[in-house]
Each structure stands twice: as C-alpha cells, then as structure tokens.
Amino acid sequence: MIGASMSATNDPIEILSRRFIDAIRGAFPEAGEGVDPLIRPCGQPELGDFQCNVAMALAKRLGKKPRDVAGAIAAAVDLSGVAHPLTEGAIAGPGFINIRLLGDALAASLAAMDDAHLGVAPAAQPERVVVDLMGVNLAKQMHVGHLRSPLIGDAIARTFARLGHTVIRQNHLGDWGLPIAMVTARLVRLEAAGKIDLNTLTLDQLDEAYRAAQMECQRDTAGLEAVRRFGLGPKAEAELEAQVEGATEAFMEARRTLVALQAKEPKTYAVWQRVRDVTMRVCMDVCARLHVDVTDEHSAGESFYADELAGVVGDLVTRGIAEESDGALIVRLDDPRWGDIETPCLIRKRDGGYLYATTDVAAIRHRVQRLHADRIVYCIDARQALHLRQVFGVSLKAGYAANPMTGRDAVMRHAAFGSVLGEDGRPFKTRSGESVRLSDLLEETVVRAQKTVKERSPDQPEEESRRIAEAVGMAAIKYADLSNDRVKDYVFSFDRMLAFEGNTGPYLLYALVRTRSILRKAAAAGVGDSWRRVPPGVNEPAEKMLALTLLRYPAALAGVADALEPHRLCQYLFELSGVFGTFFDQCPVLQSEGAVRDGRLRLCWLTGRVLEDGLTVLGIPLLERM
RNA sequence: GCCCUCGUAGCUCAGUUGGAUAGAGCAACGGAUUUCUAAUCCGUCGGUCGCAGGUUCGAAUCCUGCCGGGGGCGCCA
C-alpha cells in the first residue's frame with residue numbers, strides 16, 4: 001500500500017477495525033492473525049453508517065454458517081464509546097453487520113481531522129518517485145495529443161507529494177535523433193541563404209520546417225519502381241529520379257548534421273539549441289497556464305541520454321543480456337521474470353543506430369542508479385504499453401532497476417491513457433482535419449467561460465471576469481480530462497465541460513466558493529472564530545452525511561496513489577460537493593444560533609479545506625468567489 | 001495470426017479491488033426561490049451490465065469461449 005491511511009486515532013474505519021479484530025480473535029481464535037475485518041462505509045445510509053463484511057469470508061474458511069459467525073462477532077465486539085450497541089437487526093442478509101456510529105464519536109473523529117494534514121498521515125515509508133510526464137517533441141507545435149500526459153502526470157505527482165513521498169518530475173523530450181537533425185539541417189541551410197532569422201524564429205515556423213524537412217528527406221523509391229515497372233514514360237521516371245536524388249542528398253545532409261550535433265560542433269549545436277529554446281518557451285507557457293508543475297529543470301530528454309547509449313549497449317552485450325539477431329542486437333524477455341514477452345526488445349539496429357527503447361533503458365538506469373528511484377510512473381499513451389513492458393523487462397534483466405540504496409527493484413508502472421475524441425467519436429481534429437493547437441484550445445475554453453461568467457455576473461469589472469474565467473476554464477478542461485478513467489478514450493466537449501451543472505470542474509469551484517462565502521459573511525457579522533474549536537454538527541441527516549463524506553478524504557487520496565487514477569479523487573470531490581449542496585440547502589448556517597450555528601460553520605470550514613486540498617492535488621486553481 | 005484494451009440507462013460516465021435492490025450527470029417531465037451565490041437543491045421516468053457458459057453463500061467485477069470497437073506486434077520515435 002503506497003497510499004497513506006488516516007492516522008489511526010481518528011478514522012472511524014481504523015477504530016472499528018481494531019474493535020472487530022479483537023472480537024474475531026476472541027470468538028474465533030482459530031481464525032489466525034492478520035484478518036481484515038472489511039469495514040466499509042454502509043451502502044445504504046438507512047441501515048447504518050458502516051458495515052462489517054468479514055463474516056461471510058470467515059465462515060467459509062471455518063466451515064460454519066455465515067449468520068452464526070456474524071452473530072458471534074456481534075456478541076463479542078466492544079463498541080463502547082464508538083458506536084451504538086449491536087441489536088439483532090444489525091445483522092442482515094447473509095451476514096452483514098451494520099454499525100451506527102455515536103454522534104459524539106463522529107464529531108470527535110471529524111474534529112481530529114481538522115489538523116494540519118487533514119487526517120492524511122505522512123507516508124510511513126517515504127519513497128523517491130519519478131514521474132515521467134509530458135515528453136514533447138522539438139520543433140512541433142503542441143496539440144491536443146499532448147494534453148493528457150501532463151495533466152494526469154502532474155496530478156499523480158502531486159498526489160505522491162501530498163502523501164509525503166519525494167517526487168522527481170521528468171520531461172522526456174523528443175529532442176534528438178535523425179528527425180531533429182533533419183530540421184536542424186534545413187534551418188542551417190535556410191539561414192545561410194538568408195531566408196530565415198533565427199533570432200525571431202517562431203514555433204509555427206519550426207513546425208513548418210519540420211514537415212518540409214520530413215518531405216524533402218523522404219525518398220519515393222516505391223513510386224520510382226512503380227513507374228519503371230509499368231513503363232509510365234521517361235518524363236515521369238526522370239522526375240522521380242530527381243526526387244529520389246534530391247531526397248538522398250537531403251538525407252545525407254541530415255546524417256552529417258546528426259554527426260555534427262553529436263560532436264557538439266558549435267555552429268550546428270547553436271542552431272539546435274535555438275530550436276530547443278523556441279519549443280520549450282511555448283511548452284513552458286502552456287504548462288504555466290494549465291497550472292502544471294513542470295519547468296525547464298524537469299527536462300531530461302533523448303539528448304540527455306545520447307552519450308550513454310553506447311555504454312549501455314556495450315554493457316548489455318558484455319554481460320550476455322543482449323544477443324545478436326539478423327545483425328541487430330536484441331534482448332529476449334520470454335521469461336516470467338522479465339515479463340514473459342514473446343517479442344524481443346530491439347536495442348540496436350543492423351546499421352549500428354540506437355532506438356527509442358535504448359534511450360528508455362538508459363533513462364531507467366539513470367533514474368534508479370543516480371536518482372535512486374524506488375518507483376517510476378510513466379504517464380504515456382496506452383499505445384506504448386508493449387514498448388514499456390519491454391523496456392521494464394530489459395531493465396530488470398540487466399539489473400538497472402535495482403535501487404542501490406535498498407537493493408530492491410524499483411516499481412515501474414505504466415499509467416496508460418486513451419485518446420481525446422471529438423464529438424463525432426473520432427480523434428479530436430478541426431473541421432479541416434488539422435490537429436488543434438493546445439494554446440488555441442485553452443484560449444477558446446477561457447473565452448467561452450468568460451461569456452458565461454459575464455452572463456451570470458454582468459456587473460463584474462472586465463479584469464475580474466477575465467480572471468475568474470481563466471480559473472473556471474482551466475478547471476473545466478482539467479477536470480473533464482481527469483474525471484474519466486484514464487485508460488479509456490473520452491469525448492472532448494466545450495459545452496459539457498463548461499456547462500456549470502453536474503459533474504464538472506466549475507461545479508466543484510462553485511461548492512468551494514459557497515463555503516468561502518458563508519465564512520466571509522460570518523466574519524463580517526462579527527461572529528469571531530470560537531467555532532473553530534467546537535464539535536462539528538452531526539445531528540441533522542445532511543450534516544451527518546457531510547461529516548461521513550469528509551472523513552473519506554484520506555482514503556480517496558490513497559486510492560489515487562495505489563491505482564494511479566486521479567478520477568477517484570474527482571469522484572470523491574464531486575460527491576463531497578453534492579452532499580455539501582444538500583447541506584447548504586437544508587441546514588441554514590448564519591440564521592442558526594449558538595452551538596448549531598458553530599457546528600455548521602465548522603463543517604463549512606472543513607468542507608472548504610478538503611475541497612481546496614483536493615483541487616490542489618488535482619492541479620486545479622482555486623477561487624474565492626465567482 | 002498473436003498480444004493488449006474497451007463494451008454498464010437515449011447521451012457522457014462512475015461502480016470503493018467479490019458484497020445487499022447496479023449509481024451519478026446530461027436530456028425529458030414535475031417541484032422548491034423573503035438566495036448564508038438557484039452556476040443550487042428535491043422528486044419522477046429510464047437497465048438482458050455485449051453474448052454464452054463456469055467458479056460460490058453472493059459476479060458488472062474472477063476464469064473460459066465467442067461477438068463488436070480501438071490499439072500494438074525486431075531495424076521510425
């Protein structure tokens with residue numbers, strides 16, 4: 001369990017678990033140690049607050065009737081000071097034991113949660129967690145396809161950090177190799193011809209140059225063959241011959257440029273550096289606007305590992321990990337220890353070139369041997385699943401994944417995600433079939449958000465509505481992505497993510513804003529802050545529901561870390577916002593008096609704190625009013 | 001051909017790692033407003049959990065086989 005649990009003293013599930021473990025020990029000594037009493041929030045609030053599901057499983061092991069086992073446990077358990085005594089009606093169905101908490105105990109648990117950590121105990125064994133997120137390519141405009149990795153990766157990184165682990169973010173840039181050399185070669189040529197000015201170079205120009213470079217290096221040998229075979233005439237043949245010749249020349253130039261880059265030849269390297277700077281500037285701007293915590297210092301791309309590839313491959317050959325096959329070098333992984341993968345991993349081509357698998361293996365070696373990672377999380381497209389399994393397998397087989405500090409293999413996991421689809425169910429594109437620039441997408445979201453903000457609050461100054469729209473827009477776009485099970489594709493829809501009804505980012509912000517509003521008004525009315533120290537209200541059904549939901553926060557966070565699924569936290573925060581909405585509707589705060597009012601103020605305060613904390617873990621910006 | 005992945009209400013999606021009568025949101029319909037921000041709340045309608053077997057007290061969840069969508073399979077990254 002990588003996720004933290006609530007500190008044992010205040011979580012009702014922990015308290016109940018201990019009581020039931022004692023009861024099981026007393027009633028069934030033969031059950032042995034380490035029995036999980038399976039305490040869960042009760043599915044039906046009318047039956048209880050929590051339920052114990054252990055009787056059925058235990059009965060099977062002991063060869064007894066489930067209801068008899070449940071009865072024995074119920075008779076043996078001591079719930080004094082925690083929950084109401086169990087009556088006969090508490091045992092239901094095949095052997096569920098329904099538990100009703102004492103109001104005082106519930107209020108006390110909640111009050112205990114109102115500490116600096118919101119009940120989230122720092123990890124007992126902090127790990128060093130490397131999170132691989134993003135991975136943009138040089139000289140290419142960022143588009144929708146680049147959205148999910150940083151959003152999901154950042155949310156996962158923030159979750160681990162929140163739980164007390166040390167997080168190291170890594171932006172695995174596609175900044176090396178022949179494709180980059182092709183662009184660089186083209187830019188060198190264009191600049192020499194005075195056709196471009198590197199000082200004013202934009203990413204759009206780079207994007208165009210990238211495509212042009214791809215085109216001019218691509219030899220149409222297949223076309224030439226076809227022309228010859230079908231005898232389409234000397235003119236067509238001559239044209240294609242010229243194309244192939246030109247492409248071959250461009251290709252050779254790119255290869256020379258790659259060699260120059262590897263040697264860090266000053267002129268060529270400077271151009272490459274410029275390409276990198278222009279690309280990264282835009283990338284960092286997008287990250288900043290998205291509130292994704294990735295900066296230049298997290299960059300460690302292909303160029304970073306370029307000098308290590310020969311050493312890695314040499315090591316693998318020397319130690320017999322890699323073997324030759326058809327002139328290339330491969331690593332066999334068809335063994336359960338390495339993942340039981342039929343397809344071998346290719347790490348060096350017949351022509352001596354390295355592949356992206358080679359770089360990824362070098363990256364794992366670096367991350368574990370030098371950064372001392374205990375865990376590496378890859379937030380990468382689901383299509384890379386096989387590739388990553390292979391890379392993990394090679395690293396294990398080579399011993400690169402063995403952490404030198406602990407001697408244990410780093411836990412390597414792929415947080416795979418699906419595609420962003422348009423409303424037609426096909427990959428998200430513009431009407432003309434172009435991919436949508438990420439910066440355009442963000443701007444359109446904010447513009448749409450501002451339109452609605454203005455409709456709601458026409459009197460707001462322009463600056464204020466723009467500021468609110470910015471947060472609402474980012475909340476909308478991020479929540480829409482994070483709230484889906486990451487492994488599935490999802491349909492991108494401005495209308496749905498910005499419709500401020502239902503399961504959306506703006507809805508959560510609205511819930512937060514309402515908690516703030518009440519506390520602001522209380523302060524303005526001179527209520528003081530003595531309510532900070534009174535027990536939270538848990539008498540009304542809506543209060544109680546809110547209290548029970550608040551207590552689930554630490555478990556929700558832990559679930560995200562265990563499953564690498566931020567949507568679990570989204571689901572939780574949405575439920576919390578919902579029960580707060582009901583509470584808000586049914587339990588007047590400022591119109592109440594005395595202990596009732598104070599207890600409700602404290603519930604608002606706690607709800608606000610949990611929403612604030614949870615939204616921050618998701619990387620969603622906060623608002624005081626909207 | 002082999003491997004991975006998805007299939008739940010008209011639409012978009014959850015389902016706490018095998019628990020009780022499968023839940024939300026949207027859409028549709030009805031209700032609540034002297035607003036602690038109605039960007040809200042309450043209710044009604046809506047299901048062969050792709051299909052068929054199997055495992056057991058109990059399956060949307062696990063195992064097998066099909067059907068359908070998407071993706072991947074040694075010299076691109």
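Residue numbers begin at 1 in each chain, while the letters A, B, ... track the order of the sequences.
The separation between A:His567 atom NE2 and B:G15 atom P is 4 Å, rounded to whole Å. Atom-to-atom, CG of A:Leu333 to C1' of B:C73 comes out at 14 Å; the value is rounded to the nearest Å. One interatomic measurement links the two molecules: CG of A:Asn484 to P of B:G25, which rounds to 16 Å at whole-angstrom precision. The nearest whole Å value for the distance from the CD atom in A:Gln390 to the P atom in B:C73 is 9 Å. Regarding A:Leu508, its CG atom lies at a distance of 12 Å from the C1' atom of B:G25, rounded to whole Å. One can place CG of A:Asp360 at 11 Å from P of B:A77, the figure rounded to the nearest angstrom. Rounded to an integer number of Å, the gap from A:Gln51 CD to B:U16 C1' is 11 Å. The CZ atom of A:Arg40 sits 12 Å away from the P atom of B:A20 (whole-angstrom rounding).
With a 3.5 Å ceiling on both atom-pair distances, B:U35 lacks any Watson-Crick or G-U wobble partner.
At a threshold of 4.0 Å, the pair A:Asp326-A:Arg350 does not count as salt-bridged, since none of the basic side-chain nitrogens sits closer than that to a carboxylate oxygen. Salt-bridge check for A:Arg383 with A:Asp381: passed, with a basic side-chain N closer than 4.0 Å to an acidic carboxylate O.
Stacking between A:Tyr510 and B:U40 is absent: the aromatic ring centre is not both under 5.5 angstrom from the base six-membered ring centre and within 30 degrees in plane angle. The ring of A:Tyr507 does not lie on top of the base of B:A39; it is either too far (5.5 Å or more) or too tilted (30° or more).
For B:U37, the OP1/OP2 oxygens have a side-chain nitrogen or oxygen of A:Lys521 closer than 4.0 Å. For the OP1/OP2 pair of B:A77 and a distance below 4.0 Å, the side-chain nitrogens and oxygens of A:Lys140 include no atom meeting the criterion. Using a 4.0 Å cut-off, some side-chain N or O of A:Ser517 falls inside it from OP1 or OP2 of B:U37. Taking side-chain N and O atoms only, A:Thr582 has a distance below 4.0 Å to OP1 or OP2 of B:C42. Residue A:Arg514 places no side-chain N or O under 4.0 Å from the OP1 or OP2 atom of B:U37. OP1 or OP2 of B:G7 lies within a sub-4.0 Å distance of a side-chain N or O belonging to A:Lys488. Using a 4.0 Å cut-off, no side-chain N or O of A:Tyr572 falls inside it from OP1 or OP2 of B:A14.
For A:Glu501 and A:Tyr510, the side-chain atoms include no donor-acceptor pair closer than 3.5 Å.
Looking at heavy-atom distances under 4.0 Å, A:Val491 makes contact with sugar-phosphate atoms alone, never a base. Within 4.0 Å of A:Lys60, counting heavy atoms only, lies at least one base atom of the nucleic acid.
Both tests do not hold together for A:Arg486 against A:Phe417: distance to the six-membered ring centre under 6.0 Å, angle to the ring axis within 45°.
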